[in-house]
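Let me begin by presenting the structure, written as structure tokens, before commenting on it.
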Amino acid sequence: MRIADVDVMDLKKKYGTPLYIYDIDHLKKNMDGYLNYFKSNDFDTEVLYASKAFSVKEVLRIAKEKGMSLDCVSLGELYTAKKVEFDFSKIYFHGNNKTREELEFAIGNNVGIIVVDNFMELEAIEDIANNKKKNVNIIIRINSGVSAHTHKFIVTSHIDSKFGVLYKSEEYNKMLELIANSNFIKFKGFHSHIGSQIFDLEAFRAALVKLIGYAKDFSEPLILNIGGGFGVRYTSEDSPIPFDVVSQTLINTAHEELAKENLKIQKLCIEPGRSIVAECGYTLYEIGYIKKTPNKMYYFIDGGMTDNIRPALYQAKYDADIIGKENEPKVNKVTVAGKCCESGDLIIEDIMLPEAKSGDLLITYTTGAYGYSMSSNYNKALTPAVVFVEGGKDKLAVKRQTLDELLEREI
Ligand SMILES: *Cc1c(COP(=O)(O)O)cnc(C)c1O
């Protein structure tokens with residue numbers, strides 16, 4: 001098997017397993033796709049990479065080179081961006097409980113926009129802005145009431161979500177009052193993020209229509225940011241909407257709705273994370289032992305929930321192959337299990353795979369988002385290396401953690 005024209009066996013020899021592999025040809029194509037299709041003649045557009053999906057310096061360098069903007073949610077993510085000299089004016093800073101330290105860092109580094117979640121956060125920003133005598137651009141995170149989970153969406157739910165404020169709620173009104181009386185806080189618009197791994201474009205359209213409705217209250221053209229959450233293909237059960245369709249549907253919806261309302265906006269933003277990196281990512285494991293129980297057959301791999309928590313956390317499904325046996329008959333119904341002391345440490349349950357032996361390599365697909373970024377050292381597992389492959393060449397992006405690094409901070 002080859003990824004971006006690099007032999008996976010060679011990667012195993014060079015970097016060991018478990019190993020995160022990213023197809024950078026594919027990643028760049030995804031970034032370009034959004035950048036090329038998410039455009040309008042009527043207003044500015046901005047495509048933000050939601051860095052929480054996979055935030056390492058090397059991927060941020062690519063995002064920067066491509067001209068993407070960035071969504072950061074923590075001091076760590078901001079600091080990573082700073083380290084690659086990402087233009088802070090192109091960063092939107094998110095989070096429902098940003099600390100004083102995080103806000104000071106963001107404002108001190110002239111972050112483009114702070115996406116404010118609640119009134120108390122706005123008070124903290126006001127205080128910092130006053131102290132620094134510095135203008136701070138903010139948009140308000142709105143809970144639009146549109147809530148989407150994978151294939152379904154509901155319009156009037158989640159009014160008690162931890163994220164955002166409801167339009168014209170007491171919290172919202174207090175925020176607008178503070179803004180009106182502030183010398184340094186500049187209100188720029190609204191943000192809404194309705195969920196993740198969503199396949200129903202109607203959900204995004206519904207959220208966008210709501211934000212446009214709220215923008216009518218303001219005379220100046222606003223920035224509307226409709227978040228991310230575009231679904232990807234984990235297994236053959238998923239049929240994601242191509243990014244050109246997603247982009248153009250949203251742009252067209254905005255055009256129609258703005259024309260209907262006779263309204264102008266300054267800018268429309270999207271924040272794809274998963275749909276940029278997920279399908280570019282693969283995880284390579286070595287099969288250790290194989291075990292039969294009365295009703296099951298296990299292929300044990302040298303990683304597991306420490307490098308991919310999603311199956312345990314969300315019952316997420318994945319597809320896999322045995323390297324070199326991609327075309328062999330899939331004769332065994334197996335469960336691919338990790339090495340942690342948890343019964344839930346299963347990467348794939350009941351998948352048909354060919355006969356395997358110890359030492360074979362198993363590859364899982366679509367692990368590029370929320371794999372590495374959610375990895376842990378549970379059971380003192382070492383974080384795998386991350387390798388980028390592009391046009392027949394490989395390049396280490398993150399070194400494998402060593403045992404000494406694992407204990408580095410322990411006294
Ligand atoms: C998680 C998140 C995203 C990205 O979601 P994906 O499903 O990875 O596209 C974008 N914006 C906000 C505010 C988020 O919380």
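Numbers for residues simply follow the sequence, beginning at 1.
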Charged N to carboxylate O below 4.0 Å: is that the case for [X] and [Y]?
X: Lys64; Y: Asp87; result: no
X: Lys395; Y: Glu390; result: no
X: Lys260; Y: Glu256; result: no
X: Asp7; Y: Lys13; result: no
X: Glu177; Y: Lys174; result: no
X: Asp71; Y: Lys52; result: no

Test item: [X] and [Y] side chains (from C-beta on) under 4.5 Å apart, heavy atoms:
X: Asp32; Y: Phe243; result: no
X: Lys12; Y: Thr17; result: yes
X: His193; Y: Arg141; result: yes
X: Leu222; Y: Gln266; result: no
X: Thr366; Y: Asp319; result: no
X: Glu349; Y: Lys296; result: yes
X: Glu355; Y: Glu328; result: no
X: Cys269; Y: Leu48; result: yes

Once you round to the nearest 0.5 Å, how far does [atom1] of [X] lie from [atom2] of [Y]?
X: Asp302; Y: Glu286; atom1: CG; atom2: CD; answer: 6.0 Å
X: Asp160; Y: Lys162; atom1: CG; atom2: NZ; answer: 14.5 Å
X: Ser169; Y: Ile142; atom1: OG; atom2: CD1; answer: 7.5 Å
X: Asp394; Y: Ile24; atom1: CG; atom2: CD1; answer: 11.5 Å
X: Ile91; Y: Asn109; atom1: CD1; atom2: CG; answer: 8.5 Å
X: Ser192; Y: Lys210; atom1: OG; atom2: NZ; answer: 10.0 Å

Would you say the side chains of [X] and [Y] form a donor-acceptor pair under 3.5 Å?
X: Asn379; Y: Lys339; result: no
X: Asp23; Y: Tyr282; result: no
X: Glu46; Y: Ser69; result: yes
X: Asn308; Y: Thr367; result: no
X: Tyr34; Y: Asp244; result: no
X: Arg310; Y: Tyr318; result: yes
X: Glu171; Y: Asn118; result: no
X: Lys267; Y: Asn225; result: no
X: Glu126; Y: Ser182; result: yes
X: Gln401; Y: Asn377; result: yes

Using every non-hydrogen atom in the two residues, find where [X] and [Y] come nearest and quote the distance to one decimal.
X: Ile159; Y: Leu166; value: O-CD1, 3.9 Å
X: Asp360; Y: Ala356; value: OD2-CA, 3.4 Å
X: Ser51; Y: Leu70; value: CB-CD1, 4.1 Å
X: Leu201; Y: Thr249; value: CD1-OG1, 3.5 Å
X: Gly392; Y: Val6; value: C-CG2, 3.4 Å
X: Ala207; Y: Ser144; value: CB-OG, 4.2 Å

Does atom [atom1] of [X] have more than 12 heavy-atom neighbours, drawn from other residues, nucleotides or ligands, at distances under 6.0 Å?
X: Lys132; atom1: NZ; result: yes
X: Lys186; atom1: NZ; result: yes
X: Tyr37; atom1: OH; result: no
X: Asp217; atom1: CG; result: yes

Task: Name of the residue among Val115, Leu78, Ile113 meeting side-chain contact (heavy atoms from CB on, under 4.5 Å) with Phe93 - done: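 Exactly one pass, corresponding to Leu78.
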- [ ] Walk me through it: do Asp238 and Lys317 pass the test salt bridge (charged side-chain N to carboxylate O under 4.0 Å, His left out)?
- [x] CA-CA 10 Å; Asp238 302 319; Lys317 293 201 169 76; over 6 Å; no
Look at the side chain of [X] and the backbone N and O of [Y], then say whether any donor-acceptor pair between them is shorter than 3.5 Å.
X: Asp117; Y: Phe163; answer: no
X: Lys357; Y: Ile290; answer: no
X: Asp345; Y: Gly304; answer: no
X: Glu257; Y: Ala254; answer: no
X: Lys133; Y: Asn130; answer: yes
X: Asp127; Y: Glu123; answer: no
X: Arg274; Y: Gly229; answer: no
X: Asp307; Y: Gly303; answer: no

Between [X] and [Y] (judged by ring centroids, cut-off 6.0 Å), do the two rings come close enough to count as a pair?
X: His255; Y: Phe43; value: yes
X: Tyr172; Y: Tyr167; value: yes
X: Tyr22; Y: Phe54; value: yes
X: Phe190; Y: Phe187; value: yes
X: His94; Y: His191; value: yes

TODO: Any chance you could lay out the side chain to side chain donor-acceptor pair (under 3.5 Å) test for Glu342 and Tyr378, step after step, and finish with the verdict?
DONE: CA-CA 10 Å; Glu342 297 285 335; Tyr378 178 53; 2.7 Å; yes
TODO: Apply the test salt bridge (charged side-chain N to carboxylate O under 4.0 Å, His left out) to residues Asp321 and Lys330: give CA-CA distance (whole Å), side-chain angles for both, the deciding distance (0.1 Å), then the verdict.
DONE: CA-CA 10 Å; Asp321 268 312; Lys330 301 190 167 179; 3.4 Å; yes
TODO: Cation-pi check, Lys134 to Phe184: give yes when NZ or CZ is under 6.0 Å from the six-membered ring centre and within 45° of the ring axis, no otherwise.
DONE: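 So Lys134 doesn't make the cation-pi contact.
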